[in-house]
Protein chains: 4
Amino acid sequence: MIKEADLNDLFGQMIHKMADLPPKQQRILAASLNLFAEKGFDKTTTEDIANAAQVAQGTVYRRFKTKDDLLAAVLTPILKDVFPQAISQFTGQAFETKYTNLHDFLTAIVTDRIHFIYENRQVLKIVWSQALTNSEMLVILRDRIGQAISEIVFPQIKKMQKQNLIIGWPADKILTFLAGTMFTFLTKLIIMPGHQIDLDSESDFMIRFLEEGLAANGDNHLV
Amino acid sequence: MIKEADLNDLFGQMIHKMADLPPKQQRILAASLNLFAEKGFDKTTTEDIANAAQVAQGTVYRRFKTKDDLLAAVLTPILKDVFPQAISQFTGQAFETKYTNLHDFLTAIVTDRIHFIYENRQVLKIVWSQALTNSEMLVILRDRIGQAISEIVFPQIKKMQKQNLIIGWPADKILTFLAGTMFTFLTKLIIMPGHQIDLDSESDFMIRFLEEGLAANGDNHLV
Amino acid sequence: MIKEADLNDLFGQMIHKMADLPPKQQRILAASLNLFAEKGFDKTTTEDIANAAQVAQGTVYRRFKTKDDLLAAVLTPILKDVFPQAISQFTGQAFETKYTNLHDFLTAIVTDRIHFIYENRQVLKIVWSQALTNSEMLVILRDRIGQAISEIVFPQIKKMQKQNLIIGWPADKILTFLAGTMFTFLTKLIIMPGHQIDLDSESDFMIRFLEEGLAANGDNHLV
Amino acid sequence: MIKEADLNDLFGQMIHKMADLPPKQQRILAASLNLFAEKGFDKTTTEDIANAAQVAQGTVYRRFKTKDDLLAAVLTPILKDVFPQAISQFTGQAFETKYTNLHDFLTAIVTDRIHFIYENRQVLKIVWSQALTNSEMLVILRDRIGQAISEIVFPQIKKMQKQNLIIGWPADKILTFLAGTMFTFLTKLIIMPGHQIDLDSESDFMIRFLEEGLAANGDNHLV
DNA sequence: GATGAATGAGTATTCATTCAT
DNA sequence: GATGAATGAATACTCATTCAT
């Protein structure tokens, strides 16, 4: 359905549309977010959304011309702003600081990412769910995140390897374990909705686990 | 749609139905598997399946009375047989052997699970995709796997902790990192379909990563 | 939709409404005329009209309470005033003059009608388009024009036949060829919008064609 | 909606689809033809069609995937076959014969066209109605007919002018009057549905009218 | 007067499922 | 067993019209 160009257009338009959004339209967006996260995009009907938002069905279509538009509107903030911002923030916070040890580095990024994931777990669930059944969406995500990573994260990892602060594996392997650990956290949140989570404790274990798993060692020149 | 009782019934019936499956019905199952994995269950129509299997639409309904039946038939082998079998096999292979170090233990289970995931990646993608939008399916999965884990895996982990072969964290934390690392592998397979994967190299890195991350250390009595 | 009684009422009200029309309402009428002629009444939305007139959608409904009202307002001038007026004018100009030959007669009416058609081609297109899909409109038109014709035009034709100025066919046949020739001109205008038309040359050919085709001859007593 | 390429594709597909059309699908086509002619395409709902054809609404969509498809299916026979065939037939019958006078020539073509128009008046009404509100349809028609005319009819008219059988006006003027007279006949049929028509009498008058109007005369070299 | 958000009845279209042949 | 035509409930979307500000 949504091709990359269209999708990017949509994101641009959405930002514009979402300024000065009337209260009912805001309710529609909120209802969509909840329902998409709960039942999935495909199984959510526009009638469901109208009911949940307590508006007439036609009202759903006033600002958002199609159901896809609504999906885009729900995902836009995270895909347009938060992802790139998150990555640059990642860079700024985590990498510009001169870390003298792996622990401080991991503490910085894990703490930050954990909170980001926790707060955006609903949208992230929708994104992930869509990516599984929509290869266009998957490609967009992969390219968008992939580009940011190879431009920003990879160089930083290599810099840390030169300082012997992190294990000398190929950067993509390190990234996989780093990102995978955080992705695993998201998966837990999705699998156990409503479950009480102690973010500090969670990140504590993650940091220690990664710290050991990714520690530099004497003969780590695997590349 | 599918409630747990129904689903279990379905699985029982499926096993029966799938004995002596005529060639056309086999083609229908194969087509369903491919299409569900590719486009998702919801976006696959029975007409799509009929076309892909090169049969008439009515033929799709000969053995499998509903579309949900087809989903069940596709998922049955892995949910009915492979999961439990896998876990017991996990137990048998990995735990009954007396490992004297973490490396051998991780090597055994990671190698086994990696191959299992790789070979069943299509079905696992469908399962995961369904679980994201179908809370009943999620509950079933969680309970089914959860039970097996708490009965089998947790005791084993604790046993190894007593032998000081693995870090003294709560068993669920250890499981999270263990399973998460493998789940991350599945995610990579899904994200990069068609990408050439060197299973040996992949498991090699995983084992080493986990080995360090989960190694027992002197003062690891966190519980 | 519009019944004859209603339509006539509407036309009456319209005349009233259209006195002292504020500029925005005039823009709305103009936009309606253009859009109805371009895309047809059914395919023109009130939003289209609002956009084209650069007003809010609600403003469209200020004077004209329904979309049908707008159609009536667009058609009123021609249906209420111009048609009857045209016919009496026809009578006055073309028939009260004592023509001594067919050529002068045809020159008078063809010239007049050609200009009328040319200037009102947009409204005539809408009328014709509506008549094709709205039998009530068709009936109204047919009766209104039909009556005027049988009362005014037929007697005049018969008078000319007595003077042996025109062929002795049944009056309705003569009218058909006369009107048909002009209708053919309207059709050309519709089919080739934007095409440069030399009205003088066009009427020249029509007059000559009709002059020969309808000339009185010795033994023309066909009636 | 329908672009030229698409429309031509549609016509091709329609011919194929209409071989071995099940009885219900035939009823659907017939009902569509009647309703489109009666109320217009836009005002005919698929529910109307289903009711008139005494089938379920879904059945309407079995062969014809959209309402536009149905329109194309209704128009295909005349646009794909009848028009071109009619024109070549026109050529064959009317022009290959060596006419020694205008009367025989007009008799041949008027008689033929009158019957064609009479028998296809419903479809022609739909075509004409669509052309008024759909500029793409208009362009297709204009080009399709226009091409046939300029390739076949114009040369024949010029041949007859050389033989001094027809007036020496520009070919397009002659065509206008010839076609216009027949178009006028169609218009009468549309305006007066159900009215008893004596085709022989009608064509008789047309022929005589055209015969005089288009007769060659001594000094007719207007071109 | 003007605005534009909101409404809800109406409409084209989809698709799992049934069933006569 | 297999076919594919038929079904009808469900669903996304449209648009004339209303009304509070």
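Protein chains get the first letters and strands the later ones, always in sequence-line order, with residue 1 at the start of each. Computed from a predicted model, the values in this text were never measured in an experiment.
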| task | Name the nucleic acid region contacted by D/Val60, choosing base, sugar-phosphate or nothing; use a 4.0 angstrom heavy-atom cut-off, strictly under. | result | nothing

| With sequence neighbours excluded, what pairs up with B/Leu138 under the side chain to side chain contact (heavy atoms under 4.5 Å, CB included) test? | A/Ile191, B/Ala131

| In which stems does DNA chain F show up, taking only runs of three or more Watson-Crick or G-U wobble pairs whose two distances fall under 3.5 Å? | E:2-21 with F:2-21

Which side-chain N or O atoms in residues 49-59 of chain D pair as donor and acceptor under 3.5 Å with protein atoms at least two apart or in another chain?
residue: D/Asn51; atom: ND2; partner: D/Glu47; partner atom: O; Å: 3.4
residue: D/Gln57; atom: OE1; partner: D/Thr46; partner atom: OG1; Å: 3.3
residue: D/Thr59; atom: OG1; partner: D/Ala56; partner atom: O; Å: 3.4

| remark: Letter by letter from the 5' end, nucleotides 9-16 of chain E scores (B base, S sugar-phosphate only, - none; protein heavy atoms under 4.0 Å) --SBBBSB

| field | For B/Thr66, all residues meeting side chain to side chain contact (heavy atoms under 4.5 Å, CB included), sequence neighbours excluded | value | B/Asp68, B/Asp69

| field | Which residues share a side chain to side chain contact (heavy atoms under 4.5 Å, CB included) with B/Asp42, sequence neighbours left out | value | A/Asp42, A/Lys43

| request: Mind checking ring-ring contact (aromatic ring centres under 6.0 Å, His included) for C/Phe41 and listing every partner two or more places apart, or none if nothing turns up? | output: C/Phe36

| said: I need the single residue from C/Thr44, C/Asn34, C/Asp48 that forms a side-chain hydrogen bond (donor to acceptor under 3.5 Å, both in side chains) with C/Lys39. Which is it? | reply: C/Asp48

| From the 5' end of DNA chain F to its 3' end, which nucleotides mark the outer limits of contact with chain A, defined by a 4.0 Å heavy-atom distance cut-off (strictly under)? | F/dT11 to F/dT14

| field | Partner set under side chain to side chain donor-acceptor pair (under 3.5 Å) for D/Gln130, not counting sequence neighbours | value | none

| Who pairs with C/Ser135 by side chain to side chain donor-acceptor pair (under 3.5 Å), at least two apart in sequence or on another chain? | none

| Pairs in or reaching into residues 21-32 of chain D: which pass salt bridge (charged side-chain N to carboxylate O under 4.0 Å, His left out), with residues at least two apart or in two chains? | none

| said: Within the 4.0 Å heavy-atom criterion, would you say C/Gln25 contacts the bases, only the backbone, or no part of the nucleic acid? | reply: sugar-phosphate

| note | The side chain to side chain donor-acceptor pair (under 3.5 Å) partners of C/Gln25 (sequence neighbours excluded) come to none

